[in-house]
Amino acid sequence: MHSAIGKSFHRGIPEFSDLMLACRHHAVLTFVVGSVFAVSLALAAWTMIRPNYHAEALVRVREKSNVVFAPQTSRAEDIAFFRSQAALVRSHQVLSAAFDDEEVRQLPDAIPEGDRVEWLDGLLRVETQSGSEVISITVHHESPQVAQAYCNAITRAYLDEITHRIASDRRLRETQLEQAVAAADAQLDALWDELNSVARSVGSDSSESLTIRDEMQFQSYRDYAQQLQAAQLRGNQLQSQLEEYQANHGGPSTVSDEVVEKLLRQNAEIIAARKQLLGLELQCQQMQKIAASAESPQMRRLTDQRDLYAGELEELVNRTRAEISETLQIQAQSERQQSLAKLKQQIELNRSEKEYLRERMTELNSVVSRTTPKTAVPLDMSRHAVERQSRLADGLWKALQEFRIESQSQPRVALQSLATLPEQANHSRQLRAAAVSGVGGWMLVMFMIGYLEWRDCRVRSARDLISRSAFPVFGTNAYAASQPKSWFGRRQKHVSGGVREAAARIILRNQDASRPVALMVSSCIADEPRHLISQELVMLLGNFGRRALLVDCDTDRSQLSHALGAAQSPGIRQLSVGSESLSAEAITERLIATNQSAVDFLPIGTMADDQTWIDPRMLRAVVAAMRQHYDAIIINGPSIMGSAEGALLAEEVDSSVIAVFVDHSRWNQLVLCEQSAAESGIPLSGSILHPGTGKPGLRLNPDQKPVLPNRSLAADGTESETALQMEIGALQEEIRRVQADGDESNQQKTSPDVTNHTGKATHS
């Protein structure tokens, strides 16, 4: 019971899909309100947002520069140059220069205050088309003149900036090439002078003075030079590795948590402690399975011992983790120092190797210069240097001439067209805003209506009751079968499945036929038409050949008496309240016959000035007097939570059922009603699901006088059994009278489970 109540009222926040599905119950309202609200928001957005005018200028930027000789840039550099032009158009220097344009100065009102560059960047859109080599510069504004002026100003500022940059780069490149050519020519002249001096010192017989020793020394000099170059390259690599190693391992060493946890799982002490703690856990679980009390000494001792071992295990794990982390850090630090020492040793060996090679080259050079001053070795070395410098000077001079020729070619950036005055406005922003506003309005209306439906807790289907009610629900299968398969299908004819199921399970399956069932049909609040279920119930019993008495005790609205046209007829209110044992003849005078021969009706009666309610003792007397004449007594009672008499009258009958109507009742009220009935000790047999439509067909027949036949007891058993059953019924009536007249402060409230068991025992 309490779990059902908690599930009913603590549902949390609904999902948006649930709210959208909830709107199907208010389809017309959702469509009308959503359409009006969405159209209103769309019109408001369309009115508030002004259209923009787009001015567009086109600039051609070649991806590849036009060259006559070999290209000086790669394809990657050309693509990067083309893509960087869009960023250059939006750069701060170009946008700042656009405000100094003459066309912009003629519009002083269009220049805002504050950060002008950021404002202009928000109006600008730059698009690149790599295939066509075209950059589109577009400016949007509410005024077409302003859009055109700023678009042309930005285009001219970009062209000036890129032209200045290209020209500056070319001048700098040309200056550098001229300086390099001049330096190469000067170096070449110096080498020619040195070659001439060496040639004069060697003489004409230089070809005959070459020896095998000179050739060997020259070859050794070349080998040492190559080895020195390789050693220098290797030294640079080792130095880079040292700097990278110091940069990556400069901070304190860290230990991986996964390694620490792996070593912890392999520790023998921790494994033994965990096995011991696991053994205690298993003992505690076994003690709990045999229903041992948590306060027993043995259970308490095991629990304390388990907590002690758990604390010791935690201390051991923390201590071992610290030791393992410290050990791993020491190992990592040692390995790092060893690697660093090994790298430094390699650098030191490389330095020694380079010094040795330099010394050997110096010795060979000095020996050659000292011992063979007149050999061809110096002459060949000078000629080699002259050739190398000559090739370098020729290459620089060729590059300079090619660069000067390429500088006269067509520029890489060229203007295609400036922006013209836009004539048509762009309504795309208005359309997007209107569409977003309309959709947002629809979503908001669906959210609001869905949320109201979700908070209304109205019964829409059988699962609303089955999943939340703590008592049986009659009519769920029949109601589901009576619904259309789709939203647009025709609704089938209503079948009273809930009333049939309730009558079969509560009245027709009654084994004690000598004691008719007194059943009260009630509801949660007063607005629900529970008189429909009461009429269908008595008509169903009449069709089954059972004598049924319908009593109207609905003090909320008296819908049953009004529906049958007996609102002004005397009824149960006109009976004597003070009589302890009311005779059946006195009640028969107030009965009205119906079109069903086996069904009689006792109206509620007219309302007197001094009596506006029904005494529970009067209902008890009517039920006691009519039990021997009818097979079932159906009381159309008031609501349990809507009136004060509902709980009092429900205690005078054998059981009660709650009428629940689709699209009218609320399941949260049903849960509260069931909780209130359980706390008050009212026996409930369940609730009946009813669509709330249809006419039962019960009509009064005032011309016919009701006859009270005595129910035959021969078929039910012998005379002794009949006398015993009547005696038991009298004892039960006496117990009811004593409980009703006793002191209310001495009564003990029965728990919901005990009440349910009592109700089930009474019905069985």
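Predicted model, so just to flag it, every value in this text is computed and none were measured.
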Asker: Could you state the interatomic distance from CG (Leu537) to CG (Leu541), rounded to the nearest 0.5 Å?
Answerer: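 Between atom CG of Leu537 and atom CG of Leu541 there are 5.0 Å.
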Asker: Is a donor on one side and an acceptor on the other found under 3.5 Å between the side chain of Ser522 and the backbone of Pro638?
Answerer: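 Yes, the answer is positive, given that a donor and an acceptor are paired below the 3.5 Å cut-off.
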Asker: Is the shortest side-chain heavy-atom distance between Leu672 and Ser676 below 4.5 Å?
Answerer: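 Counting from C-beta outward, Leu672 and Ser676 never come under 4.5 Å.
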Asker: Is the shortest heavy-atom distance from the side chain of Val521 to the side chain of Ile634 under 4.5 Å?
Answerer: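 They are in side-chain contact.
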Asker: How long is the gap from CE on Met520 to CG on Asp554, to the nearest 0.5 Å?
Answerer: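 That separation rounds to 10.0 Å.
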Asker: Could you give the distance from CD1 (Ile572) to CD1 (Ile604), rounded to the nearest 0.5 Å?
Answerer: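 That separation rounds to 8.0 Å.
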Asker: Could you please spell out the steps behind the side chain to side chain contact (heavy atoms under 4.5 Å, CB included) verdict for Ser534 and Leu550?
Answerer: CA-CA 8 Å; Ser534 301; Leu550 179 59; 3.9 Å; yes
Asker: Does anything in residues 534-554 pair up under ring pair (Phe, Tyr, Trp, His ring centres under 6.0 Å), and if so which pairs, sequence neighbours excluded?
Answerer: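 Checked against ring pair (Phe, Tyr, Trp, His ring centres under 6.0 Å) - neighbours excluded - no pair reaches residues 534-554.
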Asker: Hey, does the side chain of Ser35 reach the backbone of Phe31 with a donor-acceptor pair shorter than 3.5 angstrom?
Answerer: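 Yes.
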Asker: So, do Ile635 and Val653 sit near enough that their side-chain heavy atoms are less than 4.5 Å apart?
Answerer: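 Yes, their side chains come closer than 4.5 Å.
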Asker: Do any N or O atoms from the side chain of Asn543 and from the backbone of Val538 form a donor-acceptor pair under 3.5 angstrom?
Answerer: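 No, Asn543 side chain to Val538 backbone: no donor-acceptor pair under 3.5 Å.
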Asker: Could you tell me the separation between the CD1 atom of Ile633 and the CE atom of Met626, rounded to the nearest 0.5 Å?
Answerer: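 Ile633 CD1 to Met626 CE: 8.0 Å, rounded to 0.5 Å.
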Asker: Apply the test side chain to side chain contact (heavy atoms under 4.5 Å, CB included) to residues Phe447 and Trp442: give CA-CA distance (whole Å), side-chain angles for both, the deciding distance (0.1 Å), then the verdict.
Answerer: CA-CA 8 Å; Phe447 175 80; Trp442 260 102; over 6 Å; no
Asker: Which pair of non-hydrogen atoms, one from Cys524 and one from Ser639, has the smallest distance, and what is that distance?
Answerer: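 Heavy atoms of Cys524 and Ser639 come nearest at O-CB, 3.7 Å.
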Asker: Rounded to the nearest 0.5 Å, how far does CD1 of Ile614 lie from CD of Glu652?
Answerer: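 These two atoms lie 12.0 Å from each other.
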Asker: Between Thr606 and Gln574, is any side-chain donor less than 3.5 angstrom from a side-chain acceptor?
Answerer: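 Per modelled atom types, Thr606 and Gln574 side chains form a pair under 3.5 Å.
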Asker: Are any of the side-chain heavy atoms of Pro529 and Gln559 separated by less than 4.5 Å?
Answerer: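 Side-chain contact under 4.5 Å: yes.
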Asker: Tell me if a side-chain donor or acceptor on Gln430 pairs with a main-chain N or O of Ile49 at a distance below 3.5 Å.
Answerer: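 Checked: pair present.
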Asker: I'd like to know if Asp600 pairs up with Arg590 as an ion pair, taking the criterion as any Lys NZ or Arg NE/NH1/NH2 lying under 4.0 Å from an Asp or Glu carboxylate oxygen.
Answerer: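 Salt bridge flag = no for Arg590 with Asp600.
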Asker: Asn595 and Gly697: which non-hydrogen atoms are nearest, and at how many Å?
Answerer: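 That would be ND2-O, 3.0 Å.
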Asker: Kindly indicate, with the supporting measurements, whether the criterion side chain to side chain contact (heavy atoms under 4.5 Å, CB included) is fulfilled by Leu29 and Ile449.
Answerer: CA-CA 9 Å; Leu29 178 64; Ile449 296 178; 4.1 Å; yes
Asker: How many angstroms lie between CZ in Phe474 and OG in Ser687, if you round to the nearest 0.5 Å?
Answerer: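 If I round to the nearest 0.5 Å, the distance is 7.5 Å.
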Asker: Kindly give the heavy-atom pair with the smallest separation between Leu444 and Phe37, and that separation in Å.
Answerer: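 So the minimum-distance heavy-atom pair works out to CD2-CE2, 3.8 Å.
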Asker: May I ask you to test the Arg500-Leu540 pair for a side-chain heavy-atom distance under 4.5 Å?
Answerer: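 Arg500 reaches Leu540 side chain to side chain.
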Asker: Of all heavy-atom pairs between Phe601 and Leu700, which one has the smallest distance, and what is that distance?
Answerer: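 Shortest heavy-atom contact: CD2-CD2, 3.7 Å.
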Asker: State whether the side chain of Arg627 and the backbone N or O of Pro516 hold a donor-acceptor pair below 3.5 Å, judged by distance alone.
Answerer: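 A pair under 3.5 Å: yes.
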Asker: Between Asp552 and Ser561, is there a side-chain donor-acceptor contact under 3.5 Å, judged purely by atom types and distance?
Answerer: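 Yes.
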Asker: Can you tell if the side chain of Met448 reaches within under 4.5 Å of the side chain of Val33, non-hydrogen atoms only?
Answerer: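 Side chain of Met448 against side chain of Val33, heavy atoms only: no contact under 4.5 Å found.
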Asker: Check the pair Cys553, Leu619 against side chain to side chain contact (heavy atoms under 4.5 Å, CB included), reporting the backbone distance first and the verdict last.
Answerer: CA-CA 9 Å; Cys553 294; Leu619 178 61; 4.0 Å; yes
Asker: For the side chain of Arg546 and the backbone of Val599, is there at least one donor-acceptor N/O pair under 3.5 Å apart?
Answerer: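 No, Arg546 side chain to Val599 backbone: no donor-acceptor pair under 3.5 Å.
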Asker: For Cys673 and Ile658, which heavy atoms make the closest approach, and how far apart are they?
Answerer: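 Reported closest heavy-atom pair: SG-CD1, 3.7 Å.
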Asker: Please find the pair of heavy atoms, one from Ala45 and one from Ser437, that lie closest to each other, and give the distance.
Answerer: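 In this case the closest contact between Ala45 and Ser437 is CB-OG, 3.4 Å.
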Asker: Heavy atoms, side chains only, cut-off 4.5 Å: are Leu670 and Val660 in contact?
Answerer: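 When only atoms from C-beta onward are counted, Val660 and Leu670 do touch, with a gap below 4.5 Å.
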Asker: So, are Arg530 and Asp556 salt-bridged, with charged N and O less than 4.0 Å apart?
Answerer: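 Yes, Arg530 and Asp556 are salt-bridged.
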Asker: Hey, does Ile592 have a side-chain heavy atom less than 4.5 Å from the side chain of Leu602?
Answerer: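 Side chain of Leu602 against side chain of Ile592, heavy atoms only: no contact under 4.5 Å found.
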